[in-house]
Structures are given as C-alpha cells and as structure tokens.
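Take a look at the structure set out below.
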Amino acid sequence: MSNSLSEKSLVLLKPDTVQRGLVGEIITRFEQTGLKIVAMKMAYASKELAGKHYAEDEKWLLSVGEKASKAAMSRGEKPAGTPLEIGKRIRTQLMDYISMSPVVAIVIEGHNAVLTVRKLIGPTSPENAQPGTIRGDFSHETYVMADSRGRPIQNLIHASESTAEAEREIKIWFRKDEIHSYIRVDEGLIYR
Ligand code: GDP
Ligand code: MG
C-alpha cells in the first residue's frame, strides 16, 4: 500500500450488474467510503477491447487457473485441465461475458483505493463473499453453477487487484482527458 492520495483502481460494473439494475446501488458503496470517482462511462466492449482487458498474460492466466483448480479440488472434483488450460478457457468465457451487453467503467481514486475497493467487492465467487460485500449482498452465484454451465462466475464487478494492474487497465478503458481532477468537499476532513 502506498501513501498516495491519488492511487487509482479500475472498476467495471459487469453486464449482470447493468442488466439487473444495480448500477446506482453499487456505485453508492464506493462513494460512501470517501473514495472519489474520477472517470466513468457506459461502454460496449468489443471482442478486441475484451481481449485487451483480459490479456493473454501467462501470469494472470495461471493465477486464475490455479484459483479455479483449488476451488474444484475443495469441492472434491478433479480440475478440468492444467491451471494454464483452465485459465485460457476462463479467459475465452470472460471475453463473451464482458461483451454480452454494456458495462459501466469507473476509475476510483484515493488513499488505498485498490485494497479498499477489493475489500468492498469481496472474494471472486459470491458463495465465499460475506454479507456486507457487494458480491455477497447481490448474488448467490457459485463455482458449481458457473462451471457446470461453461460460463464465468457472474460476480457483478471487476476491480483491479494491484496498482500495476490498475495502471494497465485504466489505459484500456479511458483516454487521459477522460480522467478528471477535482476536489471533493469532504477531502479537507478526510485528508487533513
Ligand atoms: P477477480 O479478480 O476476483 O474478478 O477474479 P480473477 O481475476 O481470478 O478471475 C477473473 C474472473 O474470471 C472472475 O471475476 C470470474 O468472473 C471468472 N472466474 C474466475 N475463476 C473462475 C472459475 O473457477 N470458474 C468460472 N466459471 N469462472 C471463473
Ligand atoms: Mg482479477
């Protein structure tokens, strides 16, 4: 965690959030922490954009595949391939999911933005997400449900997992001049 007041996180309200009419409800959660929205738009992700967001990066594919393998083993199932194979399969599914209908892309800024946003959204699968988190409150999705249907876990939201991931992702969704700089009235208190 850095001491920067301008740390940024890229958040996507995925198609299930938009289709279920939960956009306002979820944005409110971020605003209430005192973190600042500095960019926001509704966008239809093309396959190209989806492919850039879920990049063919071996490290990320392995991390997604390993998480999925562990989840399969913890429910007594044999993982459906090597972590890399699983990661690649999930990436293909994610590219369809994210471009299914519009998403809302948001840049959220403030001290400890990345970890705060991740804490608010909860873990990847809503079945493991506590009440009070976005994934825990607005979904009852499970790994079993998603995997048995050959689709990604519909977990409402994407959020950067690190500042490096945020930096890479923000460039994909926003031009520099779409990211705003302004002072919220409560910052005088929060950052005094
Ligand atoms: P996140 O950062 O919490 O969103 O999770 P990851 O970066 O590990 O995975 C990216 C996305 O892939 C998740 O948000 C899910 O939509 C999907 N996903 C991850 N793991 C699995 C899995 O084991 N099965 C399925 N069907 N989808 C998964
Ligand atoms: Mg992730």
Side-chain angles (χ1 to χ4, degrees), residues 1 9-20 22 25-26 29-30 45 47-101 103-106 108 112-170 172-173:
M1 183 208 307
S9 168
L10 187 272
V11 167
L12 295 179
L13 306 185
K14 291 176 173 176
D16 44 329
T17 293
V18 176
Q19 293 193 24
R20 292 179 54 205
L22 294 170
E25 192 78 52
I26 290 178
R29 302 254 173 138
F30 298 118
K47 275 279 146 59
E48 192 197 342
L49 190 83
K52 275 191 197 160
H53 177 78
Y54 292 116
E56 214 164 2
D57 169 58
E58 194 160 315
K59 205 171 132 211
W60 179 77
L61 291 170
L62 276 173
S63 95
V64 174
E66 274 160 12
K67 224 195 280 183
S69 278
K70 272 191 204 144
M73 286 189 283
S74 75
R75 55 178 194 261
E77 288 173 18
K78 198 168 162 267
T82 65
L84 189 59
E85 285 165 353
I86 296 172
K88 283 186 178 170
R89 199 176 314 130
I90 291 175
R91 175 178 182 258
T92 307
Q93 296 170 355
L94 283 168
M95 285 167 62
D96 285 337
Y97 168 36
I98 208 81
S99 53
M100 185 165 88
S101 57
V103 299
V104 175
I106 309 171
I108 293 179
N112 202 25
V114 168
L115 287 177
T116 305
V117 168
R118 287 298 300 194
K119 185 180 62 174
L120 291 184
I121 73 174
T124 301
S125 182
E127 73 199 283
N128 301 322
Q130 293 298 313
T133 65
I134 293 167
R135 287 168 169 172
D137 282 351
F138 298 117
S139 171
H140 62 286
E141 172 79 311
T142 63
Y143 278 107
V144 170
M145 168 85 89
D147 287 343
S148 64
R149 283 163 173 71
R151 61 159 172 76
I153 299 171
Q154 291 183 170
N155 51 12
L156 302 149
I157 202 156
H158 162 86
S160 314
E161 290 179 64
S162 65
T163 51
E165 194 174 278
E167 208 174 298
R168 188 188 78 79
E169 294 171 347
I170 289 168
I172 295 168
W173 291 91

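Here the structure is a predicted model, which means the values were calculated and not measured. Positions are given from 1 along the sequence.
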So, using salt bridge (Lys or Arg N to Asp or Glu O under 4.0 Å) as the criterion, who are the partners of [X] when residues are at least two apart?
{"X": "E56", "result": "R91"}
{"X": "E127", "result": "none"}
{"X": "R118", "result": "none"}

Quick one: closest heavy-atom pair of [X] and [Y], and the distance?
{"X": "S69", "Y": "P79", "value": "OG-CB, 3.7 Å"}
{"X": "L62", "Y": "P83", "value": "CD2-CB, 4.1 Å"}
{"X": "D137", "Y": "G132", "value": "OD1-N, 2.7 Å"}
{"X": "A68", "Y": "I86", "value": "CB-CG2, 3.7 Å"}

Derivation of the side-chain contact (heavy atoms from CB on, under 4.5 Å) call for Q93 and R89: CA-CA 6 Å; Q93 296 170 355; R89 199 176 314 130; 4.2 Å; yes
According to side-chain hydrogen bond (donor to acceptor under 3.5 Å, both in side chains), who are the partners of [X], at least two apart in sequence or on a separate chain?
{"X": "S160", "answer": "E169"}
{"X": "E25", "answer": "none"}
{"X": "D96", "answer": "K47"}
{"X": "T163", "answer": "none"}

[X] side chain to [Y] main-chain N or O, any donor-acceptor pair under 3.5 Å?
{"X": "S125", "Y": "N128", "answer": "no"}
{"X": "E141", "Y": "Q154", "answer": "yes"}
{"X": "S139", "Y": "R135", "answer": "no"}

side-chain hydrogen bond (donor to acceptor under 3.5 Å, both in side chains) pairs, two or more places apart, involving residues 77-87: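 Non-adjacent pairs meeting side-chain hydrogen bond (donor to acceptor under 3.5 Å, both in side chains): R75-E77.
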Determine whether V103 and W173 satisfy the following criterion, side-chain contact (heavy atoms from CB on, under 4.5 Å), listing intermediate values before the conclusion. CA-CA 11 Å; V103 299; W173 291 91; 3.9 Å; yes
Test side-chain contact (heavy atoms from CB on, under 4.5 Å) on R151 and M145; report intermediate values, then the result. CA-CA 9 Å; R151 61 159 172 76; M145 168 85 89; 3.4 Å; yes
Would you compute the distance between atom [atom1] of [X] and atom [atom2] of [Y] and round it to the nearest 0.5 angstrom?
{"X": "Y143", "Y": "K67", "atom1": "OH", "atom2": "NZ", "result": "6.0 Å"}
{"X": "E167", "Y": "S9", "atom1": "CD", "atom2": "OG", "result": "12.5 Å"}
{"X": "F138", "Y": "I157", "atom1": "CZ", "atom2": "CD1", "result": "9.5 Å"}
{"X": "N112", "Y": "K119", "atom1": "CG", "atom2": "NZ", "result": "7.5 Å"}

From the options I121, L13, L22, select the one residue that forms a side-chain contact (heavy atoms from CB on, under 4.5 Å) with L156.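 Option passing the side-chain contact (heavy atoms from CB on, under 4.5 Å) with L156: L22.
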Those residues that, when tested against [X], pass side-chain contact (heavy atoms from CB on, under 4.5 Å) (two or more places apart):
{"X": "S101", "answer": "P15, Q19, Y44"}
{"X": "V18", "answer": "V23, M42, V104"}
{"X": "K14", "answer": "D16, Y54, Y97, I98, N155, H158"}
{"X": "R168", "answer": "A55, I172"}

